[in-house]
Amino acid sequence: MKLNWKKKSVVFAVAGSLLLIVAAVAFSHGHLGRHQGPRDGGFRGGPGPREGLGPLRDLNLTDDQKAQIKKITDSFEESNKALFDQLRALHGSEPDPVSGTFDEAAVRAAAEARARVQVELEVSHAKMMSQIASVLTAEQKAQLAAKRQQFERHGPPPPRGDEQQ
């Protein structure tokens with residue numbers, strides 16, 4: 001069975017997107033592997049704590065909103081722990097294509113197993129973001145939508161001047 005270039009590019013785009021989403025979720029939830037760095041002093045002696053809010057950081061959240069968002073993210077982190085562990089195990093057991101003969105069926109099965117877990121993580125992340133959005137005001141949602149559009153058009157904004165010292 002041959003895939004044409006259009007189908008291949010769609011498959012690669014979806015796989016790449018899933019991988020980026022999983023990496024972003026893992027990073028935002030502290031699943032960085034062995035070294036996570038300081039949690040209370042910023043990154044390598046840089047500015048202070050960022051509260052793990054990412055793009056929500058500049059939305060002037062109330063303390064109550066921050067607490068609700070932390071509760072939501074902590075809940076999803078706990079519920080996704082098994083999926084991250086499963087994904088890590090699948091990556092660790094994937095066949096090595098350069099050692100010996102190539103087994104397409106084994107590589108395909110391993111990729112499909114990882115994709116199933118990645119889909120579950122993506123759905124879970126979307127559900128979490130939906131719950132977080134329900135905590136935001138209409139104005140905060142509009143600010144977040146504007147930031148997202150800007151990011152999609154131009155990439156991430158440069159670091160703020162007050163964070164560089």
Side-chain angles (χ1 to χ4, degrees), residues 12-94 109-165:
F12 284 125
V14 169
S17 296
L18 287 173
L19 185 61
L20 286 174
I21 288 169
V22 169
V25 170
F27 184 79
S28 70
H29 290 279
H31 295 283
L32 299 177
R34 293 181 196 135
H35 178 61
Q36 292 184 344
R39 292 201 136 220
D40 58 346
F43 184 72
R44 294 187 186 195
R50 307 240 174 133
E51 302 175 50
L53 296 173
L56 304 174
R57 178 175 55 245
D58 298 327
L59 298 183
N60 296 323
L61 299 170
T62 66
D63 289 340
D64 185 49
Q65 286 176 310
K66 289 176 186 178
Q68 289 178 48
I69 290 169
K70 178 157 177 41
K71 184 177 177 182
I72 291 168
T73 56
D74 287 350
S75 169
F76 276 86
E77 182 177 343
E78 184 62 34
S79 67
N80 289 335
K81 185 179 183 328
L83 289 171
F84 281 111
D85 291 344
Q86 186 179 358
L87 192 59
R88 192 174 2 266
L90 287 168
H91 275 292
S93 66
E94 71 184 55
E112 289 172 351
R114 287 190 311 274
R116 282 189 294 274
V117 174
Q118 289 171 335
V119 165
E120 292 303 316
L121 285 167
E122 185 173 347
V123 169
S124 178
H125 184 259
K127 186 177 180 182
M128 177 186 73
M129 294 308 294
S130 174
Q131 288 182 14
I132 288 172
S134 71
V135 171
L136 302 177
T137 66
E139 182 181 336
Q140 290 168 329
K141 289 177 187 177
Q143 289 174 343
L144 189 59
K147 287 173 94 173
R148 185 176 191 179
Q149 284 181 338
Q150 190 236 353
F151 182 82
E152 289 172 356
R153 278 191 303 240
H154 306 292
R160 296 185 319 194
D162 61 341
E163 290 183 357
Q164 297 175 353
Q165 290 181 346

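In this structure Asp63 satisfies the side-chain hydrogen bond (donor to acceptor under 3.5 Å, both in side chains) test with no other residue, sequence neighbours excluded. In terms of the side-chain hydrogen bond (donor to acceptor under 3.5 Å, both in side chains) criterion, residue partners of Thr137 (sequence neighbours excluded) are, by chain and number, Gln140. Residues satisfying the side-chain hydrogen bond (donor to acceptor under 3.5 Å, both in side chains) criterion with Ser79, sequence neighbours excluded, are absent altogether.
Separating the OG atom in Ser130 from the NE2 atom in His125 is a distance of 11.5 Å, to the nearest 0.5 Å. Taken from CE in Met129 to OG1 in Thr73, the straight-line distance is 10.0 Å, to the nearest 0.5 Å. Atom CG of Leu83 and atom CG of Leu121 lie 4.5 Å apart (nearest 0.5 Å). Rounded to the nearest 0.5 Å, atoms CZ (Arg114) and CZ (Arg116) are 11.0 Å apart. Atom-to-atom distance recorded for Gln143:CD and Lys147:NZ is 8.0 Å, nearest 0.5 angstrom. Atom CD1 in Ile69 sits 12.0 Å away from atom CG in Asp74 (nearest 0.5 Å).
Other residues, nucleotides and ligands contribute at most 12 non-hydrogen atoms within 6.0 Å of the NZ atom of Lys71. With a 6.0 Å radius and a threshold of 12 heavy atoms from other residues, nucleotides or ligands, Glu139 has its CD atom at or below the threshold.
Nearest heavy atoms, Gln68 versus Val135: OE1-CG2, 3.5 Å. Between Ile72 and Gln131, the shortest heavy-atom distance links the atoms CD1-O, 3.7 Å. A pairwise comparison of heavy atoms in Leu61 and Lys66 identifies O-CE, 3.6 Å as the closest pair.
Comment: Arg148 engages Glu152 in a salt bridge, judged by a side-chain N to carboxylate O separation of less than 4.0 angstrom.
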Discussion item. Walk me through whether Leu56 and Leu136 qualify under side chain to side chain contact (heavy atoms under 4.5 Å, CB included).
Written reply: CA-CA 10 Å; Leu56 304 174; Leu136 302 177; 4.3 Å; yes

